[in-house]
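Right, one structure below, let's go through it.
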Amino acid sequence: MPSKPMIRVIVVAAAVAALLSACTSGPAPTPSATPTPTPSQTAPAASGDGVLRIGTQTDAAAGGGAIVAGAELAVREINLAGGVNGAQVVLFHRGVAETATADLVAKGADVILAGPGVAAADLLLISVEPSETPDDELAARLAQIDPGVSDFTGAVESYHQTVRAALAAVVAGDDGAESLRFGLDAVSAGSTECSSFGECSAALADGFSVTYTLAH
């Protein structure tokens with residue numbers, strides 16, 4: 001008959017064996033499948049020509065000069081950072097004459113940054129409503145673009161909307177209107193916040209989704 005200490009050893013060994021058996025028995029876990037992107041997560045078929053063309057359509061009497069300066073500064077910085085999808089961004093400026101929209105269409109503009117009172121149904125329209133005054137750092141950069149503008153109210157919105165349009169084209173890999181609409185939504189709903197074109201495009205290149213935040 002085993003001694004009491006021997007009985008304890010046998011009981012403990014049996015309990016350990018039962019525990020190990022419970023941990024290793026049963027079916028192996030099944031890896032979860034990679035989710036299939038829904039249509040809202042998938043960029044539309046490419047319809048652009050590979051060059052992002054942005055037009056501004058503004059009234060000089062309603063802050064148009066500031067809107068133009070903001071777009072010019074943004075495009076300069078975007079192009080210095082390498083452009084969009086390997087091509088330089090092209091920028092056109094027009095006023096509010098009846099022929100302005102048709103002229104931008106003829107120039108191949110993909111998107112219009114429109115000041116107050118402008119309607120441009122033929123193209124993707126991003127409304128720019130002047131309200132913010134730039135901080136000193138941005139105001140200094142804007143003054144280098146157009147020293148003749150004394151009031152840069154509206155340049156902040158124009159600058160950021162230009163960057164958003166460029167990032168939208170990067171996300172979609174295309175400059176067509178439907179791709180830009182998709183991209184504009186995408187750059188407002190990503191997991192990684194960034195506040196410049198260079199920072200955001202680098203994050204996108206690394207496989208992150210981004211939310212472009214307005215730093216100025």
Side-chain angles (χ1 to χ4, degrees), residues 34-35 37-44 46-48 50-56 66-91 109-115 124-145 152-216:
T34 301
T38 63
S40 63
Q41 297 172 313
T42 304
S47 59
V51 177
L52 177 63
R53 296 177 177 85
I54 299 174
T56 67
I67 292 173
V68 166
E72 285 280 357
L73 177 61
V75 167
R76 174 188 289 185
E77 293 176 353
I78 290 164
N79 285 341
L80 285 174
V84 170
N85 299 327
Q88 298 283 282
V89 178
V90 178
L91 188 60
D110 302 297
V111 58
I112 289 178
L113 303 181
L124 173 60
L125 176 70
I126 298 178
S127 180
V128 177
E129 297 291 338
S131 61
E132 291 188 52
T133 301
D135 61 23
D136 292 343
E137 188 271 337
L138 180 57
R141 285 153 57 203
L142 289 164
Q144 293 178 352
I145 297 294
F152 284 113
T153 303
V156 174
E157 292 85 355
S158 175
Y159 177 91
H160 288 306
Q161 295 295 8
T162 303
V163 173
R164 286 184 68 236
L167 290 171
V170 173
V171 168
D174 180 51
D175 56 278
E178 289 305 313
S179 297
L180 291 174
R181 289 187 179 93
F182 166 86
L184 287 170
D185 289 338
V187 299
S188 300
S191 59
T192 301
E193 290 190 352
C194 47
S195 58
S196 70
F197 177 80
E199 183 185 5
C200 291
S201 57
L204 290 168
D206 288 338
F208 295 98
S209 60
V210 302
T211 292
Y212 175 62
T213 59
L214 310 187
H216 299 285

Subject >> Over all atoms of both residues, closest heavy-atom pair of A172 and S179 >> reply: CB-O, 3.5 Å
What side-chain donor-acceptor pairs closer than 3.5 Å can you find for residues 203-210, not counting sequence neighbours?
residue : atom : partner : partner atom : Å
S209    : OG   : S191    : N            : 3.0
S209    : OG   : S191    : OG           : 3.1

Original post:
So, for A69 and F152, which heavy atoms are closest and what is the spacing to 0.1 Å?
Top reply: CB-CE2, 4.0 Å
Original post:
Who passes side chain to side chain donor-acceptor pair (under 3.5 Å) against S127, sequence neighbours left out?
Top reply: E129
**OP:** For N79 and Q88, indicate whether the former's side chain and the latter's backbone hold a donor-acceptor pair under 3.5 Å.
**Re:** no
Original post:
Where is the tightest heavy-atom contact between A66 and T153, given as atom of each residue plus distance?
Top reply: CB-O, 3.4 Å
Subject >> Listed once per pair and sorted, the salt bridge (charged side-chain N to carboxylate O under 4.0 Å, His left out) pairs that draw on residues 184-203, sequence neighbours left out >> reply: none
Original post:
With sequence neighbours excluded, what pairs up with R164 under the salt bridge (Lys or Arg N to Asp or Glu O under 4.0 Å) test?
Top reply: none
Subject >> Side chain E157, main chain E132, donor-acceptor under 3.5 Å >> reply: yes
**OP:** Return the set of residues passing salt bridge (Lys or Arg N to Asp or Glu O under 4.0 Å) with E77 (not counting sequence neighbours), or none when no residue passes.
**Re:** R141
Original post:
What pairs with T192 under side chain to side chain donor-acceptor pair (under 3.5 Å), at least two apart in sequence or on another chain?
Top reply: none
Original post:
Between D110 (side chain) and G176 (backbone), is there a donor-acceptor pair under 3.5 Å?
Top reply: no
**OP:** Would you list the pairs meeting disulfide bond (SG atoms under 2.5 Å apart) in which at least one residue belongs to residues 166-211, sequence neighbours left out?
**Re:** C194-C200
Subject >> Distance in Å, I78 CD1 paired with I54 CD1, rounded so as to fall on 0.5 Å steps >> reply: 6.0 Å
Subject >> Distance, nearest 0.5 Å, that separates OG of S188 from OH of Y212 >> reply: 11.0 Å
**OP:** Check whether any side-chain heavy atom of S158 sits under 4.5 Å from a side-chain heavy atom of V68, and report yes or no.
**Re:** no
Original post:
Does any non-hydrogen side-chain atom of F182 lie less than 4.5 Å from one of T42?
Top reply: no
**OP:** Return the set of residues passing side chain to side chain contact (heavy atoms under 4.5 Å, CB included) with V51 (not counting sequence neighbours), or none when no residue passes.
**Re:** D49, R53, A87, V90
**OP:** Would you indicate whether the side-chain heavy atoms of T162 and L73 approach each other to under 4.5 Å?
**Re:** no
Subject >> Heavy-atom pair with the smallest gap, counting every atom of A168 and V187 >> reply: N-CG1, 4.2 Å
**OP:** Decide yes or no for L167 and F197: does some side-chain heavy atom of the first lie under 4.5 Å from some side-chain heavy atom of the second?
**Re:** yes
Subject >> Side chain to side chain, S47 and D174, heavy atoms closer than 4.5 Å >> reply: yes
Subject >> Rounded distance [0.5 Å steps], CD in Q161 versus OG1 in T56 >> reply: 13.5 Å
Subject >> Under the side chain to side chain donor-acceptor pair (under 3.5 Å) test, residues paired with E178 that sit two or more places apart >> reply: R181
Original post:
Looking at residues at least two apart in the chain, or sitting in another chain, which of them share a side chain to side chain contact (heavy atoms under 4.5 Å, CB included) with A169?
Top reply: L52, V84, N85, L180
Original post:
Which atom pair, heavy atoms only, marks the closest approach of V171 to A186?
Top reply: CG1-CB, 3.8 Å
